[in-house]
Amino acid sequence: FIGATAYGITLVVISNIVEDCLRAARQAEAITQAAAKEKNERIGDKVAYILHNADKDGDGEIFAKEINRALAKTDLRCHLDELMVPQLDGNEIIRFFDRVGLGRAQIDDIVAGVLTMDEDIKPSDYVKLNMWVSNLLMRTMTLGKKSSELAKQVDALRNMLVKAFEALEYFHRTKEVSELRGRALAEIRSAPQAELPKLREWRPPRTFKKPIDSEASILVGFASRFIGPKAPPDAEDDPHSSGPNLPGQVVSDDNINNNNNNSSNTN
């Protein structure tokens with residue numbers, strides 16, 4: 001009984017001691033982690049100060065070239081080494097923390113990322129990983145659109161060059177004919193105006209002008225068509241005589257011959 005009681009008391013004491021040791025170890029670990037966290041926060045403040053100074057426009061967003069300038073001219077690289085950050089340049093840092101794929105990142109996101117880089121994986125890390133994958137997808141889509149636009153421009157340039165080479169080949173093929181035609185046109189334009197050739201045995205057509213009758217003769221001719229001409233005294237008994245010709249009277253060939261015969265007989 002005494003031995004069992006002593007053994008039980010010994011186990012209780014040892015368990016209490018072990019529990020105290022574990023509690024002390026956890027407290028020491030928490031203190032160490034708090035001290036390390038406080039140290040990292042101080043280093044993070046220095047990193048944030050350097051990045052804010054490197055930000056020219058002061059909008060809280062920084063570009064890769066500004067980070068590269070800060071890495072070259074400040075102690076940013078040493079502070080990142082203290083935080084156990086891999087050797088990254090400005091472009092790689094921006095790719096890590098660029099959420100929208102525009103080539104820039106928030107300074108607060110960069111500082112929070114480098115402070116938690118050596119910690120254990122948490123659910124928030126998966127969220128950040130998802131954001132990073134989404135960023136890569138958006139960058140890929142943007143690159144695809146730019147590639148499509150570039151392909152269209154290259155195709156348009158190719159068509160332009162094809163037409164230009166076709167025109168050059170046509171000019172080279174028709175160079176001699178074009179020069180000959182140009183010289184011929186220049187000679188024709190600079191030559192004096194030649195006289196028109198005269199056709200042999202050609203005469204201009206003659207135009208006959210009808211004499212203009214007076215109004216009196218026109219009236220007499222119109223009346224003679226209805227009344228008839230008056231026969232002369234010596235030709236009243238001549239059946240072949242048609243009398244004197246009045247203006248406008250139509251005289252047949254037989255009448256003309258009869259008049260001529262009468263005139264010859266009288267002579």
Side-chain angles (χ1 to χ4, degrees), residues 33-34 36-173:
Q33 291 179 356
K37 185 176 180 180
E38 184 179 356
K39 178 182 178 181
N40 292 339
E41 288 179 354
R42 288 197 299 268
I43 299 173
D45 293 337
K46 295 179 182 179
V47 172
Y49 177 77
I50 294 173
L51 294 178
H52 280 292
N53 289 334
D55 185 14
K56 290 184 176 181
D57 51 5
D59 59 349
E61 294 181 345
I62 193 167
F63 294 88
K65 59 182 180 180
E66 296 174 343
I67 296 177
N68 290 327
R69 189 182 303 110
L71 290 172
K73 296 183 178 181
T74 61
D75 298 335
L76 181 60
R77 174 62 62 188
C78 297
H79 298 319
L80 294 178
D81 292 339
E82 291 179 2
L83 295 173
M84 305 298 292
V85 178
Q87 295 291 328
L88 303 175
D89 59 1
N91 295 321
E92 294 173 343
I93 294 174
I94 292 298
R95 281 198 296 269
F96 266 111
F97 301 102
D98 186 7
R99 294 183 179 181
V100 294
L102 297 179
R104 59 178 181 266
Q106 294 288 337
I107 296 177
D108 296 337
D109 295 339
I110 295 175
V111 174
V114 297
L115 289 177
T116 58
M117 188 168 292
D118 59 342
E119 294 181 358
D120 295 333
I121 298 177
K122 299 177 181 180
S124 60
D125 297 329
Y126 291 104
V127 175
K128 293 179 181 179
L129 181 61
N130 186 18
M131 294 173 60
W132 184 63
V133 173
S134 300
N135 176 24
L136 290 179
L137 180 60
M138 294 178 62
R139 291 171 66 91
T140 304
M141 295 173 61
T142 304
L143 182 60
K145 293 180 181 179
K146 292 181 179 180
S147 301
S148 300
E149 294 294 332
L150 183 61
K152 292 180 181 179
Q153 294 178 4
V154 170
D155 186 64
L157 181 61
R158 183 184 65 82
N159 294 332
M160 188 183 300
L161 290 176
V162 168
K163 293 180 180 179
F165 280 113
E166 289 178 355
L168 183 61
E169 184 180 358
Y170 176 78
F171 172 76
H172 181 72
R173 187 172 61 253

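- Using a 4.5 Å cut-off on side-chain heavy atoms (C-beta onward), V85 and I93 make no contact.
- Not a single donor-acceptor pair under 3.5 Å links the side chain of D109 to the backbone N or O of F97.
- From I107, atom CD1 reaches atom CD1 of I50 across 11.5 Å, with rounding to the nearest 0.5 Å.
- Contact annotation: the side chain of N130 never approaches that of V127 to less than 4.5 Å [non-hydrogen atoms, C-beta and beyond].
- Side-chain contact between L76 and L51 is present, with at least one heavy-atom pair separated by less than 4.5 Å.
- The stretch residues 152-167 participates, sequence neighbours left out, in these salt bridge (charged side-chain N to carboxylate O under 4.0 Å, His left out) pairs: D155-R158.
- Screening residues 65-79 for salt bridge (charged side-chain N to carboxylate O under 4.0 Å, His left out), with sequence neighbours left out, gives no hits.
- For the residue pair A54 and I62, the shortest heavy atom distance occurs at CB-CD1, 4.2 Å.
- Considering all non-hydrogen atoms of both residues, L71 and G90 come closest at CD1-N, 4.2 Å.
- Looking only at side-chain heavy atoms (C-beta outward), N53 and T74 stay at 4.5 Å or farther from each other.
- D81 meets the side chain to side chain donor-acceptor pair (under 3.5 Å) test with Q87; sequence neighbours excluded.
- Scanning both residues, V47 and H79, for their nearest heavy atoms gives CG2-CB, 3.7 Å.
- Applying the salt bridge (charged side-chain N to carboxylate O under 4.0 Å, His left out) definition to pairs two or more places apart or across chains, none involves residues 82-91.
- Counting only heavy atoms from C-beta outward, the side chains of H172 and L168 never approach each other to under 4.5 Å.
- The stretch residues 40-61 participates, sequence neighbours left out, in these salt bridge (charged side-chain N to carboxylate O under 4.0 Å, His left out) pairs: E38-R42, E61-R104.
- Under the rule for a side-chain contact (heavy atoms from CB on, under 4.5 Å), the partners of A64 that lie at least two apart in sequence or sit in another chain are N91, I94.
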